[in-house]
Amino acid sequence: FRLGGGVSGKTTPNLIDGSLARGVLFFANGNNVFETLVLNLVPYPSERIMPYTAADRPVWEDDDPMLSRNPGNAILKIAPRGYLDYLTWQTFHITLWPQEDAAGQTIVPQATVIPVARLDDNVYSPQKRYYRASDEEEWKFLYFNPDKALWRDYHNLLTLDNGKVKPPAVVDWLANLADQGFIPGHQPLQITATGMLADQAKSIFYRQEHMPLPSTLLGDPDATYIISQAIADAEKAASGLRVAVNLLAEHVLMRGGGQTPDKTTRQNLVRQWDILTLYWIHLETDFWDFLHALSTGREELNTIWRDTLATTARDALAEASALSGDSAAALRGQVLAERELSKQIKKVFN
């Protein structure tokens, strides 16, 4: 998890990120330690997970780890020789500088941290999820977003490798186990997402989230489509709520006058209310209920979900109305905002 970076202008090269330092890492959770270990034991060797060579081994089994990583004594981009090499990948080495003190004892007063090798750009971490908009674009891995909960990308976790999404290897592996009957349909599975968000060499925050992963939904394109549409509908309802909240803030700031407030002032007030965050927080529990209902074959889910979105959006707007006060301008803004939200919801859901 070591972050790279250094001091610009120095003669020593910058340090290099550890292979798992950035992005969201996904692991399966079982009911106990044994199940968790077994569920994460993806096949080895497997070209689908990582290219394999006969020289693949953990770094501590190398006769000369430094030579194998850095044959030319320069910081190169190197591909691992296989999954074991990748799992024990070293991005830096520590050189100790021993001396003999006055008593004849050997001491180490100084150590130097040396960058070794970067992972080749075509190496994809099996623990991460990658995506791209088209075949011409480069693959990008998923980061934690301070303004967006991870469940809002949940449908992409269920999507198996399709040219635009590379799911975490463990998701693909669990889908394979479920398809072959090794995981019963009633067995609850859970995915842990963990990692950090960093800016250059500075860690901004660490996060860990636990998400259910019903085995009946793994590798099911129909279920993936239904979930993606449910999340898209939630985004559309959020956009409608945003329009209504902005209208409310505008009238509060006008104070009954005719001059429209500037955009920055309005945005600051909306940000202070933070109603969109409230909407997404309240919606998360309902989403997991929706997911459970989908995995058990419940009917009329779309209607129930859209009713939930409309109710959650109206509740969030009511919170904004309470924060806006009881002045004549605020009351007028509340009426207009409620009318606008109803119009937006009707437009979104026809």
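The model shown is predicted, which means the values in this text are computed figures rather than measured ones.
Note: Trp139 CH2 to Tyr131 OH = 11.5 Å, rounded to the nearest 0.5 Å. Taken to the nearest 0.5 Å, the CG atom of Leu269 stands 12.5 Å off from the OG1 atom of Thr264. Note that the CG atom of Leu157 and the CG atom of Leu218 stand 10.0 Å from one another [nearest 0.5 Å]. Atoms CH2 and CD1, from Trp151 and Ile227 in turn, are 11.5 Å apart once rounded to the nearest 0.5 Å. Taken to the nearest 0.5 Å, the CD atom of Glu338 stands 5.5 Å off from the OG atom of Ser321. Note that NZ of Lys347 is 11.5 Å distant from NZ of Lys236, once rounded to the nearest 0.5 Å.
Counted by atom type alone, Thr88 and Trp60 present zero donor-acceptor pairs between their side chains at under 3.5 Å. Side chains of Asp56 and Tyr44: a donor-acceptor N/O pair is present below 3.5 angstrom, by distance only. Between the side chains of Asp262 and Thr265, at least one donor N or O sits under 3.5 Å from an acceptor N or O. A donor atom on one side chain and an acceptor atom on the other are found under 3.5 Å apart for His210 and Thr192. In the model, Asn176 has a side-chain atom that pairs as donor or acceptor with a side-chain atom of Gln180 under 3.5 Å.
Put simply, the side chain of Pro115 does not reach to within 4.5 Å of the side chain of His93, judged on heavy atoms. Counting only heavy atoms from C-beta outward, the side chains of Thr224 and Leu217 never approach each other to under 4.5 Å. Put simply, the side chain of Arg314 reaches to within 4.5 Å of the side chain of Ile345, judged on heavy atoms. Here the side chains of Thr277 and Ile281 are in contact, with some heavy-atom distance below 4.5 Å. Leu309 is listed as a side-chain neighbour of Phe349, based on a closest heavy-atom distance under 4.5 Å.
With Thr308 contributing its side chain and Ile304 its backbone, the two residues share a donor-acceptor pair below 3.5 Å. Side-chain atoms of Ser46 never come within 3.5 Å of backbone atoms of Val42 as a donor-acceptor pair (strictly under, hydrogens ignored). Using a distance-only test at 3.5 Å, with no hydrogens or angles considered, a donor-acceptor pair links the side chain of Ser295 to the main chain of His292. Between the side chain of Asn40 and the backbone N or O of Ala28, at least one donor-acceptor pair lies under 3.5 Å. Tyr130 contributes a side-chain N or O that, together with a main-chain N or O of Ser125, makes up a donor-acceptor pair within less than 3.5 Å. Judged by distance alone, with hydrogens and angles left aside, the side-chain atoms of Asp199 form no donor-acceptor pair with the main-chain N or O of Lys202 at under 3.5 Å. Asp179 contributes no side-chain N or O that, together with a main-chain N or O of Ala175, makes up a donor-acceptor pair within less than 3.5 Å. Formation of a donor-acceptor pair under 3.5 Å by the Asp17 side chain with backbone atoms of Ala21 is not found in this model. Between the side chain of Arg132 and the main chain of Gly163, a donor-acceptor pair closer than 3.5 Å is present. Gln334 places a side-chain N or O within 3.5 Å of a backbone atom of Gly325 that can act as its donor or acceptor partner.
None of Thr36, Asn29, Asn31 except one satisfies the side chain to side chain donor-acceptor pair (under 3.5 Å) rule with Gln190; the exception is Asn29.
Ion pairing between a basic and an acidic side chain is recognised when a charged N comes within 4.0 Å of a carboxylate O; Arg57 and Asp63 show no such pairing. Taking 4.0 Å as the cut-off between side-chain N and carboxylate O, Arg207 and Glu209 count as a salt-bridged pair. Using a cutoff of 4.0 Å between basic side-chain nitrogens and carboxylate oxygens, Glu235 and Arg152 are scored as salt-bridged. A salt bridge links Asp172 and Arg48; the closest N-O separation between the charged side-chain nitrogens and carboxylate oxygens is under 4.0 Å.
The two residues Ile78 and Trp89 have their closest heavy-atom pair at O-CH2, 3.7 Å. Considering all non-hydrogen atoms of both residues, Ile275 and Ala316 come closest at CG2-O, 3.3 Å. Taking both residues in full, the closest heavy atoms of Leu189 and Ser215 are given as CD1-CB, 3.9 Å, listed atom of the first, atom of the second, then distance. Closest heavy-atom contact between Ser134 and Lys164: CA-CE, 4.4 Å. Minimum heavy-atom separation, Leu150 to Ala193: CD2-CB, 3.3 Å. Annotation for Leu248 and Gly333: closest pair CD1-C, 3.5 Å, computed over non-hydrogen atoms.
No more than 12 heavy atoms of other residues, nucleotides or ligands lie within 6.0 Å of CD in Glu300, so this atom counts as exposed by the packing criterion. Around CD of Glu138, the count of heavy atoms belonging to other residues, nucleotides or ligands within 6.0 Å does not exceed 12. Residue Lys140 qualifies as open at atom NZ: its count of foreign heavy atoms under 6.0 Å is 12 or below. Residue Asp326 places its CG atom among 12 or fewer non-hydrogen atoms of other residues, nucleotides or ligands, all under 6.0 Å distant.
In summary, the aromatic rings of Trp288 and Tyr154 are positioned with their centroids under 6.0 Å apart.
Using cut-offs of 30° and 60° for the angle between ring planes, the Tyr83 and Tyr86 rings count as parallel.
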>> Is there a side chain to side chain contact (heavy atoms under 4.5 Å, CB included) between Thr112 and Ile94? Walk through the geometry before answering.
In response: CA-CA 6 Å; Thr112 304; Ile94 301 174; over 6 Å; no
> After noting the C-alpha distance and the side-chain angles of Arg129 and Val24, does the key distance pass the side chain to side chain contact (heavy atoms under 4.5 Å, CB included) rule?
Replying inline: CA-CA 8 Å; Arg129 182 181 75 78; Val24 185; over 6 Å; no
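Other residues sharing the hydrophobic cluster of Phe34, ordered by chain and number and joined by side-chain separations under 4.5 Å: Val38.
A cation-pi geometry, defined here as NZ or CZ lying under 6.0 Å from the six-membered ring centre and within 45° of its normal, does not hold between Lys128 and Phe26.
Residues Val170 and Val33 do not share a hydrophobic cluster, clusters being chains of Ile/Leu/Val/Met/Phe/Trp/Tyr side chains in contact below 4.5 Å.
With sequence neighbours excluded, the residues satisfying side chain to side chain donor-acceptor pair (under 3.5 Å) with Arg271 are Asn268.
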